[in-house]
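Okay, so here's the structure we're looking at.
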Amino acid sequence: MKQSNFASLLSETVAKLSDYSSAEKRGFVHEYSDSDSIPSAKVLEEVVELCRSVFFPGFYGRSYICSDTIGYNMGVTLERIYMLLKSQIVAGMSLNRNGEKFSRKDIKKRAKDVAEKVIALLPKIRDVLVTDVMAAYRGDPAATNYSEVISCYPVIKALSNYRLAHELHKLGVPIVPRLLTEMAHSETGIDIHPGAQIGAYFTIDHGTGVVIGATCIIGNNVKLYQGVTLGAKSFPLGEDGLPIKGVPRHPILEDDVIVYSNATILGRVTIGRGAIVGGNLWVTEDVPPEARLTQNKNSNI
């Protein structure tokens, strides 16, 4: 191709790719103003690593934590988490204005308030994660001690992201919670929407391929195996033909439920307390408490 022809091609292509004049296309470009930025995966990776080091000191982050210096290290770490998280909340709010006009000052104040609330919630998150470690250890004969679970089990990494993201989600932070859970999804193969509600003593054995939808409600002492899907059966559509947002459409799992590998549970159904759902089953109706669902009714789980 001659240089003049390429210059013409380049000019035409630039013009086409720079054209966001239509209302439909405008949603796919983020115009910066007042030094706005979008949330940074690199920064959030640091937030995750720092939070994990707070939840489980010595297992993540600084490996030479000792009782004499833990308070100092904790203070420095929390200050760093606060500063990074505040900046990412500002970025998320700037990116997700949905046509509303917030001043930079309002966004910064909101981010500061939310970041402070999250710092205050970290002990609560840590306490629930401790129950998750206990559940993983007690539910897996191959686990030799808590240290192995904390260091090696993907469910703990996924839940550390999810439980932080869930609190941010409840506080109304846009974008950032979903980024945190998608980071865990990439790291572990476990896909948990930050809107899902999950009780204490929760575990996922192996974990790869598990999907937990946005409106799921999971009670205490629930165990899932790899490949389980807690999904939606259908999407009610609005007048515009698009799915209506926020409609409860995912399963409810009551306390003490076990769901074995590759089972698929769809829709707003309730799996009753103490029920067991066998592997490779497709469930779209309520399951009574203490029920045992298997492919062969004569077999035992």
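The figures here come from the full heavy-atom set of this structure, side chains too, leaving out hydrogens, waters and symmetry mates. All values reported here derive from a predicted model rather than from experimental measurement.
Cluster annotation: Val257 and Ile217 are assigned to distinct hydrophobic clusters (Ile/Leu/Val/Met/Phe/Trp/Tyr, side-chain heavy-atom contacts under 4.5 Å, transitive). Each of Val128 and Val149 belongs to its own hydrophobic cluster when Ile, Leu, Val, Met, Phe, Trp and Tyr are linked at side-chain heavy-atom distances under 4.5 angstrom. In the hydrophobic clustering of ILVMFWY residues, with side-chain heavy atoms under 4.5 Å counting as a link, Leu253 and Val211 come out apart. Criterion: ILVMFWY side-chain heavy atoms under 4.5 Å apart, direct or through other members. Under it, Leu266 and Ile276 are not part of a common hydrophobic cluster.
For the pair Ser53 and Thr77, the tightest heavy-atom approach, listed with the atom from each and the gap, is OG-CG2, 3.8 Å. Shortest non-hydrogen contact noted between Ala196 and Gly213 is CB-O, 3.4 Å. Scanning both residues, Ile107 and Ser94, for their nearest heavy atoms gives CD1-OG, 4.0 Å. In plain terms, the two heavy atoms of Ala200 and Thr131 that are nearest each other are CB-OG1, 3.6 Å. When all heavy atoms are compared, the tightest approach of Asp256 to Val222 is N-CG2, 4.2 Å. When all heavy atoms of Ala263 and Gly278 are compared, the pair lying nearest together is CB-O, 3.6 Å.
Within the structure, ring pair (Phe, Tyr, Trp, His ring centres under 6.0 Å) contacts touching residues 198-228 (residues at least two apart or in different chains) are Tyr225-Tyr260.
Checked against Arg52 for a salt bridge (charged side-chain N to carboxylate O under 4.0 Å, His left out), the options Glu187, Glu45, Glu46 give a single hit: Glu187.
Within the model, atoms CZ of Phe55 and CG of Leu129 stand 5.5 Å from one another, a figure rounded to the nearest 0.5 Å. Considering CG of Leu180 and CE of Met183, their distance stands at 6.0 Å, rounded to 0.5 Å. With rounding to the nearest 0.5 angstrom, the CG atom of Leu17 is 12.0 Å from the CD atom of Glu12. If you take OG1 on Thr208 and CD1 on Ile190, they are separated by 7.0 Å, rounding to the nearest 0.5 Å. Separation of atoms NE2 (His185) and CZ (Arg178) is listed at 10.0 Å; rounding is to 0.5 Å. Atom OG1 of Thr264 sits about 9.0 Å away from atom CG of Leu230, to the nearest 0.5 Å.
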Next item on the list: Please assess Lys109 against Asp113 for the test salt bridge (charged side-chain N to carboxylate O under 4.0 Å, His left out), listing each intermediate value before the final yes or no.
Entry: CA-CA 6 Å; Lys109 183 180 185 305; Asp113 292 342; 3.2 Å; yes
Next item on the list: Report the C-alpha separation of Tyr146 and Met134 in whole Å, then their side-chain angles, then the decisive distance to 0.1 Å, and conclude whether the side chain to side chain contact (heavy atoms under 4.5 Å, CB included) test is met.
Entry: CA-CA 7 Å; Tyr146 289 149; Met134 292 178 178; 3.7 Å; yes
Checklist line | Derivation and outcome, side chain to side chain contact (heavy atoms under 4.5 Å, CB included), residues Leu168 and Ile89 | finding: CA-CA 9 Å; Leu168 287 165; Ile89 294 170; 4.3 Å; yes
Margin query: One pair to check against side chain to side chain contact (heavy atoms under 4.5 Å, CB included): Ile218 and Ile212. What are the steps and the verdict?
Written below: CA-CA 10 Å; Ile218 298 176; Ile212 301 176; 4.1 Å; yes
Check: What do the steps show when you test Lys117 against Glu167 for side chain to side chain contact (heavy atoms under 4.5 Å, CB included), and what is the final call?
Finding: CA-CA 9 Å; Lys117 288 178 181 177; Glu167 297 300 335; over 6 Å; no
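Using modelled atom types, no side-chain atom of Arg273 and backbone atom of Pro289 make a donor-acceptor pair closer than 3.5 Å. Put simply, the side chain of Ser151 never gets that close to the backbone of Glu148: no donor and acceptor are under 3.5 Å apart. Using modelled atom types, no side-chain atom of Gln295 and backbone atom of Leu281 make a donor-acceptor pair closer than 3.5 Å. Although no hydrogens or angles enter the test, the distance criterion places a donor-acceptor pair under 3.5 Å between the side chain of Ser40 and the main chain of Lys42. Side chain of Ser87 to main chain of Leu84: a donor-acceptor pair is present (N/O by atom type, distance under 3.5 Å, no hydrogens or angles).
At a threshold of 4.5 Å between non-hydrogen side-chain atoms, the residues Leu44 and Gln88 count as touching. Within the 4.5 Å cutoff, the side chain of Trp282 has no heavy atoms near those of the Ile265 side chain. Looking at Val277 and Val228, their side chains never come closer than 4.5 Å, going by heavy atoms from C-beta outward. A heavy-atom distance below 4.5 Å is found between the side chains of Ile192 and Ile198. For the pair Ile252/Val269, no side-chain contact is recorded, criterion being any heavy-atom separation below 4.5 Å from C-beta on. Taking the side chain as every heavy atom from C-beta outward, Thr188 and Val210 never approach each other to under 4.5 Å. Side-chain contact between Arg104 and Val90 is present, with heavy atoms from C-beta onward closer than 4.5 Å. The closest side-chain heavy-atom distance from Glu254 to Thr270 is below 4.5 Å.
Taking 4.0 Å as the cut-off between side-chain N and carboxylate O, Arg163 and Asp132 count as a salt-bridged pair.
Between the side chains of Arg249 and Thr215, no donor N or O sits under 3.5 Å from an acceptor N or O. Side chains of Asn221 and Asp255: a donor-acceptor N/O pair is absent below 3.5 angstrom, by distance only.
Between His169 and His166, the ring planes lie parallel to each other; the angle is under 30°, not in the 30° to 60° tilted range.
Here Val247 sits in one hydrophobic cluster together with Ile244; the rule is ILVMFWY side chains under 4.5 Å apart, joined directly or through other members.
Under the rule for a salt bridge (Lys or Arg N to Asp or Glu O under 4.0 Å), the partners of Glu116 that lie at least two apart in sequence or sit in another chain are Lys112.
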